[in-house]
Structure formats: structure tokens, C-alpha cells
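Worksheet: one structure, shown below.
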Amino acid sequence: MPELPEVETVVRGLQKSLPGRRITEVRLGKTDFIDDPAALAAALTGARMGGVSRVGKFICCELEANAGDGSQGARQYFLIHLGMTGQLRVHDAAQPAPPHTHCIFVLDDGRELRYADIRRFGRMRIVAESQMKHLRGELGTEPLEIGLEDFRARLGARRAMIKALLLDQHVLRGLGNIYVDESLFRARIHPMRVASKLSREQFAALRRAIRETLAAAIRLRGSSISDYVDSAGNRGEYQSHHRVYQREGKPCTRCRENIRRVIVAGRSSFFCPKCQPAPRRKKARRPARTRKMQEKELSQRAAAD
DNA sequence: AGCTCTTCCTGAAAGC
DNA sequence: TGCTTTCAGGAAGAGC
């Protein structure tokens, strides 16, 4: 699953191949994951690629203004989100395209930028400069750039479970299931803890854990769980360093306790029950009222009126 | 506000 | 063995 480290790795690879290249032809297969396929093909055919960057889990390819008609339109960007199984690779044109290759962008150097996506949870669109600003605005801060005070301010006022917040791209952009679980383990925080109840020290530890986890994963070019490969087709290596993710029933690397799995925010969440103590159970409420009791109350109230 | 459920999609793995 | 069912999950939207 491409999250920040995987997307960063892909972007670094594309940065070496794409800038300066012109797209001479666009071939589209299935297009249900593209906002406006005709507009995308029109914008990319003949376009020269500028810089490639990452915004959260989005890959942003800057397009230099279309030459030829002399139009000086606003700058445009080619945005790609890899979803679950998206792969953006640069191949020699002679190489056969693997199954589920839905887009081929023929480059002017004998190579092709190809997009393959088995489940088609990825997304593609062309946006103008103004929409790009809008995108940045609605997404949260980069987790590698956020300062401690900002981090606490963004999370500390919230009463949601910490894992749900870390997955929310409007809070921090770029984290997904793997790196949230790994970071929470590193910070010794249970995924179901309520954010506003974490201490100052825990926020500091969590921010540090996120930075260390992401940095280590980027260093090893991401985690290849199922389909992920970088722009050259290489797998990442961080998956062998996971300490909790998909390690249910296996011993914790710190304390040997068995790693457990719970569902939080609809996602499998792996944690060590000893290293990451569960939140204190909610205060026991008065025994739940049965339907009969409620009906009795209602009729009594009605009678009193 | 924040939780759960549903939808999109395919292939791997489990179940029978 | 081979078919059918279940599950995984990033993001968005509905409903509570």
C-alpha cells in the first residue's frame, strides 16, 4: 500500500526520468479512475514534464505550458494517487505492458510512463495552479515538517481515537495504516487512546516516532506488502522491519508479548498489549435500560402530564 | 463531533 | 479438486 515513504520513493525515481521529457502520445485503457479522461489526454498530449513532487500521498507532475498554439494558460499539474495497488513506472517502450496497465504515456526518449492498478482505487486528474493550492489547503500538514506545538494543537483538542486522526489526511497528510501502527508502537501509545487525553510527553514521543518511522522507511525505499514497486519496478525493504503491522500472534520485539489485532476506524490495527497499554475503560454507566423500562418511563411521564 | 457502514475493485486465501 | 465466500483497504459519503 503506497503511503508517504512509498510515494516519496516513486517521486524520487520519476524526478530522475521525467523532467524535460515530452509526452508524444497518450493511450488509455480503463478510465473509471480518471476524473475527465478526455481532458487528461488533451492536457498531456504534447506536454513537457516539469518537476515532480509529493503532496501527502499525491504525486504531482508539473506540466510546462503546452507549446504550439502559443497559449499562455495557467500552469497545470498532473496529479496521481496510487490508491491501494497503483504502480507508476518508466519502461522501455519495447517491454511488454503487464496486466492491468490502464495508461501509457509515450515519452520522447523511447520510454513510456505506465500506470498499472489492479484494484483501480487510484485516481488521476489534471488540475490548475489554483486547484493545487486548494488541494494543499484541504489536506493537513506534512508529518515530516510539522513542529511539536502545531502537532499538539492539531491533535490535542480532538476527542477521536488517535489512530483515526493519524489516518485522516485532513489532519496530517501521507500516513496510512502501516506507518500509523508502526509509529504508535514506537511511541508506546495504544491506537484506541483518545487524542485529547494524551500527555505532552506522549505527543512529543509520537511526533518523534512518526518522524523516525517515516525516515527509516524512506531510507529502505518503502514497504512492499503486496503490489508496491517504485518507478523502476524495485520492491522496498522496510516490510521486514515492521514490528507490529501484520504480525498478529507473533511475539513483540521488545517484550515478547503476542501482538494483537483490533479494528479501529474500520482498519486492522496491530499493537502490543503490554508496550501499548489500553485506555482506561469508560466509566461504567448505569445499567442499560431495556425497552420495557423505557416504555414504562414514557407512560409514567405521560401520566404525570 | 465522531463513529460505523457502504461503495468502489481484484486476487489471495479460507471454507466447503 | 474445484467452486464459492470472505477479506483487505484509501477515501468519500450517508446515516446516526
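To find a chain, count down the sequence lines: A is the first, B the second, and so on, and within it residues start at 1. We use all heavy atoms of the structure for the numbers below, so side chains are in, but hydrogens, waters and symmetry mates are not.
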**Q.** Whole angstrom value for the distance that separates C1' of B:dC8 from CG of A:D117
**A.**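 About 11 Å, once rounded to whole Å.
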Q. Between atom OH in A:Y179 and atom P in C:dG10, what is the gap in whole Å?
A.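 A:Y179 atom OH is separated from C:dG10 atom P by 12 Å.
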Q) Does A:F203 belong to the same Ile/Leu/Val/Met/Phe/Trp/Tyr cluster as A:Y179, with side-chain heavy atoms less than 4.5 Å apart forming each link? A)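 Yes, because A:F203 and A:Y179 connect within a single hydrophobic cluster, where side-chain heavy atoms sit under 4.5 Å apart.
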Q. Hey, is the side chain of A:K30 poking within less than 4.0 Å of OP1 or OP2 on B:dT10, counting only N and O atoms?
A.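 Checking A:K30 against B:dT10: at least one side-chain N or O falls below 4.0 Å of OP1 or OP2.
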Q.
OP1 or OP2 of B:dG11 versus the side-chain N and O atoms of A:H100: is any pair under 4.0 Å?
A.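 The answer is yes; a side-chain N or O of A:H100 sits under 4.0 Å from OP1 or OP2.
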[X] near the nucleic acid: base, sugar-phosphate alone, or nothing, with a heavy-atom cut-off under 4.0 Å?
X	result
A:R267	base
A:Q169	sugar-phosphate
A:R123	nothing
A:S268	sugar-phosphate

Out of [options], whichever nucleotide has its closest atom nearest the side chain of [X]:
X	options	result
A:R261	B:dT10, B:dG2, C:dA8	C:dA8
A:R120	B:dT10, C:dG9, C:dA11	B:dT10
A:A164	B:dC9, B:dC3, C:dA11	B:dC3
A:Y245	C:dG9, C:dA11, B:dC9	C:dG9
A:R119	B:dC3, C:dG10, B:dC9	B:dC9

Q) Salt bridge or not for A:R75 and A:E62, using N-O below 4.0 Å? A)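 Salt bridge: yes.
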**Q.** Among A:Q246, A:E248, A:R261, the one residue meeting side-chain hydrogen bond (donor to acceptor under 3.5 Å, both in side chains) with A:S268
**A.**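 The option that passes is A:R261.
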Q. Under 3.5 Å, is there a donor-acceptor pair linking the side chains of A:T213 and A:R186?
A.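 Present: a donor and an acceptor within the cut-off.
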